[in-house]
Amino acid sequence: DTGVSQNPRHKITKRGQNVTFRCDPISEHNRLYWYRQTLGQGPEFLTYFQNEAQLEKSRLLSDRFSAERPKGSFSTLEIQRTEQGDSAMYLCASSSWDRGDGNQPQHFGDGTRLSIL
Amino acid sequence: LAKTTQPISMDSYEGQEVNITCSHNNIATNDYITWYQQFPSQGPRFIIQGYKTKVTNEVASLFIPADRKSSTLSLPRVSLSDTAVYYCLVGENNDMRFGAGTRLTVKP
């Protein structure tokens, strides 16, 4: 179990640029989640996938945010036309799910910290 | 969705037992109770999960009364390295809503 891996760990960019983050989940996990965390707050859920299907995306923060998981393995989160308010930690988590086991806990990566200049 | 309420901060000393209580008055029948620990610049780490009564693992115990409207995370004999933020979550694992958590400070 190598854990959830996120890259890059830090990203600094200018306002208006597009950024993309990558998440590699625990290999046997079929669910993958994205969160945003600002200083002093708990993580805020954004979206999640089961295999390649995006099952919830209504809580993405705006239409500038999008996520993909094309082959049901790694995922990318893209933010277009970044704004200063997008500065935050972006966390990825994964879990296993099937009808028999049901509710398995999520395992988190250590996040990508985005700073908008 | 059930909202959780937990103390903003707690202080303790090394070697003491720490109990952090979380209120979740409108917990739903299918909801589990899950606790996470988070250190600065790291992602949350799963501690323990339960549905009812008591659950114990190698690092913590979780006590859940019969009405399930609250839960208590118990950390035995804390050390300085247990200084962290602790989150209580209620719900299905595909729809977790974190609050601000409890900042635990362990002093020597």
Side-chain angles (χ1 to χ4, degrees), chain A residues 1 3-7 9-10 21 23-26 29-51 53-59 88-99 101-115, chain B residues 1-9 20 22 24 27-52 55 57-60 62 64 68 71 73 84-105:
Chain A
D1 179 357
V4 177
S5 176
Q6 292 189 246
N7 288 288
R9 290 298 315 278
H10 302 276
F21 311 136
C23 172
D24 288 90
I26 293 172
H29 286 179
N30 55 359
R31 286 193 168 176
L32 186 148
Y33 312 79
W34 284 100
Y35 293 80
R36 182 180 78 160
Q37 186 173 26
T38 55
L39 201 60
Q41 301 299 313
E44 177 184 13
F45 172 80
L46 298 177
T47 187
Y48 88 101
F49 295 83
Q50 179 161 310
N51 300 312
Q54 192 171 11
L55 298 187
E56 172 60 65
K57 57 182 179 180
S58 66
R59 285 154 64 183
M89 176 80 85
Y90 291 85
L91 293 162
C92 175
S94 68
S95 71
S96 63
W97 182 89
D98 63 40
R99 291 190 188 279
D101 290 340
N103 214 48
Q104 297 300 310
Q106 296 180 25
H107 295 266
F108 285 79
D110 285 334
T112 295
R113 183 167 296 282
L114 174 65
S115 298
Chain B
L1 288 162
K3 180 181 176 181
T4 59
T5 302
Q6 48 182 128
I8 294 173
S9 64
I20 307 174
C22 179
H24 28 81
I27 187 170
T29 303
N30 293 335
D31 287 345
Y32 280 73
I33 300 158
T34 311
W35 286 81
Y36 282 83
Q37 174 194 57
Q38 188 175 28
F39 299 112
S41 298
Q42 294 186 20
R45 301 286 178 229
F46 171 77
I47 302 173
I48 198 165
Q49 182 178 78
Y51 184 80
K52 61 181 179 180
V55 180
N57 62 22
E58 61 275 10
V59 297
L62 178 60
I64 305 169
R68 304 201 325 124
S71 58
L73 173 72
V85 178
Y86 292 81
Y87 295 99
C88 163
L89 289 91
V90 170
E92 308 246 352
N93 275 339
N94 61 324
D95 192 9
M96 295 207 302
R97 308 213 180 195
F98 288 78
T102 297
R103 183 171 300 278
L104 173 66
T105 302

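Predicted model, so just to flag it, every value in this text is computed and none were measured. Chain letters run A, B, ... following the sequence lines, proteins first and then strands; every chain starts at 1.
In summary, of the residues considered (B:Leu73, B:Ile20, B:Val85), a side-chain contact (heavy atoms from CB on, under 4.5 Å) with B:Thr102 occurs for B:Ile20 alone.
You'll find the side chain of A:Ser95 stays beyond 4.5 Å of the side chain of A:Pro105, heavy atoms only.
With a 4.5 angstrom heavy-atom cutoff, B:Arg103 does not touch chain A via any of its atoms. Residue contact with chain B, scored on non-hydrogen atoms closer than 4.5 Å, involves the side chain of A:Gln37 exclusively.
No other option in A:Cys92, A:Ala93, A:Pro43 has as many heavy-atom pairs under 4.5 Å with chain B as A:Pro43. When the candidates B:Gly101, B:Ala100, B:Pro44, B:Ser41 are compared by the number of heavy-atom contacts under 4.5 Å with chain A, B:Pro44 comes out ahead.
Aromatic pair A:Tyr35/A:Phe45: ring centres closer than 6.0 Å.
Ring geometry for A:Phe108 versus B:Phe98: interplanar angle over 60°, hence perpendicular rather than tilted (30 to 60°).
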